[in-house]
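What follows is a set of notes on a single structure, which appears directly below.
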Amino acid sequence: MNLSTALSDALSTKKEYILALKEMGLYTVADLLQYFPRGYEDLSQFKKINEAKDGEIITTKGFLHGIKLIPTKKRNMKLVKAMFYDDYGSECEVVWFNQPFLKRTLPMDKELILAGKVQYQYGKYVLQSPTVESIKEVQIHAGATVPIYPQHEVITSKWLREKIHPLLYLAKEFEEVLPEEIVKEEGLMGKSEAVKEVHFPTSTDNLKKAQDRLGYEELFLLQLNAVKTKEEWKNSRPEDMSSIKMPMDPEFVKDFFSTLPFIPTGAQKVTIYEILKDMERPFPMMRLLEGDVGSGKTVVAVMALFQAVKYGYQAAIMAPTEVLARQHFFSISKFVEQYEEKVKPTRSLNIQLLIGSLKAKEKKVVQGVIKDGQVDIIIGTHALIQESIAFANLGLIVIDEQHRFGVKQREVIVKQGSPHVLHMTATPIPRTLAMVAYGDQDLSVINEMPKGRLPITTKVVPPEHRDTVYKFIAGKIEQGQQVYVICPLIDESDKLEVKSVKAEYEALQSIFPNFQIGLLHGKLKSDEKESIMRQFKDGNINILVSTSVIEVGVDVPNATIMLIEGAERFGLSQLHQFRGRVGRGKDQSYCFLYTNSDSSLTYERLKAMVDHTDGFKLAEIDLKLRGPGEVYGIKQSGLPDLKMANLLDGILLDRVRKAAEKIVEKSKDLTKYPSLKNAWQALRKRMEAD
Ligand code: ADP
Ligand code: MG
């Protein structure tokens, strides 16, 4: 037996369990040993039963007596009851539900360890469904700090402990993935030891070291991947790319600013500078521009587009939906008009829209002018990077609100002559986390909002105040304003989601019989969605009920009210994204957070929405309260689930990044570090498969 032995051979268990393990992505012994606990329960201190508090989980030691099987009135329900006498002179009743076999299997004459919840009822102690373990040299379920694993329907923590423990001797076969010099410099625990300690820690100190080590490895591999991807992007360019150098001209920037109807914020100036500096270099830019909703990313992008056009290149901007592409086309055309009017380039700028719903004939025409170079700025959806599109000379592509660019899309872009690439996102991801999730790109952050915005009034609404809010809303609609209502994802399954949003839609129809209500959800075809959005935009729908599909950058300045049902179910950054749909016009806007929950964590989280308007701040609070996996936008980033690196620490991340860079410097193709190379390749495969 070794680490690569299949679990079906390594474990004596039912087929059902092997299937369940596969569902969890566990195939080999190595996989199982790297299925790490999500927490621990300290059951190492034995306790006298009659010193326990009601509801406390305790571990105790002693003997069972008088076990019996008791049928109950409910059919299919059997109780096993026994008395337990602990070694410290107190006693209690023990009950198990629906495990009749325990009557046969539990020994009455042997000292046992029991761990479970104590209930104090009618003057007596009852231990409910405790785990039982006989006294051995090593305790794995009780009498120790025991691991709690991420749950699965079939596979329980207890089951995992039993299966993992006897296989742990194989942990010594894990290769040291991290380079020796890093293990030394950082004072990290060895890999094998860390795997052993993380399952069955021998001390809190060792557990901490094991977690640190495994977290470091996780981050290191991700950062290594980022460094490698960045290298590959640089190297994928054709031999001579000196023509892509677009030197920055301060006069040109000033001219552009002079055409704007506003003064750019400091943050806009800084990010423009960073981008133009990248575009000066003889290799393609790969930069991410992060900026909250309404922070003014479009101008920054337009400056970059103009820079490319100035140097005789074509520039493109790609949006995730047709609605957004049209919106961009409209607003960028205005910038172009202003520019032409005031600065007057030698010829007029040609700007075109390319989206799937154009008539075939129109599409042909646009494709034609893209190919022969007549068009300067092209705005579109995914249609832009289809194989059939050939740009005459693409110098820059801006990708708005796009999921992370996969390797395939990169290949397409490289074929278009390796243009500069600028990603834009309105998802504020804290910088530390962005360094992990988007570590292959350089980062520019707009951390300042244009002045003079009316702040949105946010209120948490408990059930008893709903009617008041509905009345308020009716008044606003009568004044001509519009409303979004967002329903939470009740369940992972789309069916239930659609059901819940439909129910809300019907309920609102009876509350607001005189208003037009529209319904939007993920199961609609994209032309149906577009049509509803257009009706809302044109003011023909007063209230738009939607699932979270609404979230990507729609702009309806007349919509002033955002009402969110079941607000506690959303992350803060996501709530913030929803809220960003309003507050875009001249009227005061409102965000109402409906919740039926009275938990204090919910209160704390929703209160943060009332107190903060800065998306970065909210994302940081989310990161603290719910962990990195829950930070909005992380799942879309293609970042795999972080198992151990859950407590991201900015300083550590910086160090890990530098260490990864150093290793790549020492050995570009990692041949010096074969096991590191293997681990990195496996990670990349996994990330590409998702
Ligand atoms: P987003 O970052 O969400 O894409 P936009 O670029 O659409 O934001 O800008 C939102 C609005 O703010 C637009 O109407 C834009 O013209 C305006 N705007 C952008 N920058 C400034 C600024 N510095 N001062 C005032 N208004 C600005
Ligand atoms: Mg935008």
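Atoms within a ligand are numbered from 1 in the order they appear, just like the ligands themselves. Note that the structure is a prediction, hence the values are computed from the model and not measured.
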Taking K525's backbone N and O only, do any of them form a donor-acceptor pair with E528's side chain (distance below 3.5 Å, no angle check)?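 Such a contact is found between E528 side chain and K525 backbone.
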
Do the charged groups of K310 and D249 touch, with an N to O distance under 4.0 Å?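 A salt bridge links K310 with D249.
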
How long is the straight-line distance from CG of L520 back to NZ of K529, given to the nearest 0.5 Å?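 That separation rounds to 7.0 Å.
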
Aromatic plane relationship, Y590 with F472 - under 30° parallel, 30 to 60° tilted, over 60° perpendicular: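 Perpendicular.
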
Please identify each residue that fulfils side-chain hydrogen bond (donor to acceptor under 3.5 Å, both in side chains) with D372, with sequence neighbours left out.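 With neighbours one apart ignored, the set is Q374.
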
Contact residues of ligand 1, where a non-hydrogen atom lies under 4.0 Å away: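 Around ligand 1, where the cutoff is 4.0 Å for heavy atoms, the contacting residues are F262, I263, P264, T265, Q268, D292, V293, G294, S295, G296, K297, T298, P450, R453.
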
Do D400 and H328 have side-chain N/O donor and acceptor atoms under 3.5 Å apart?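 The answer is yes; a qualifying pair exists.
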
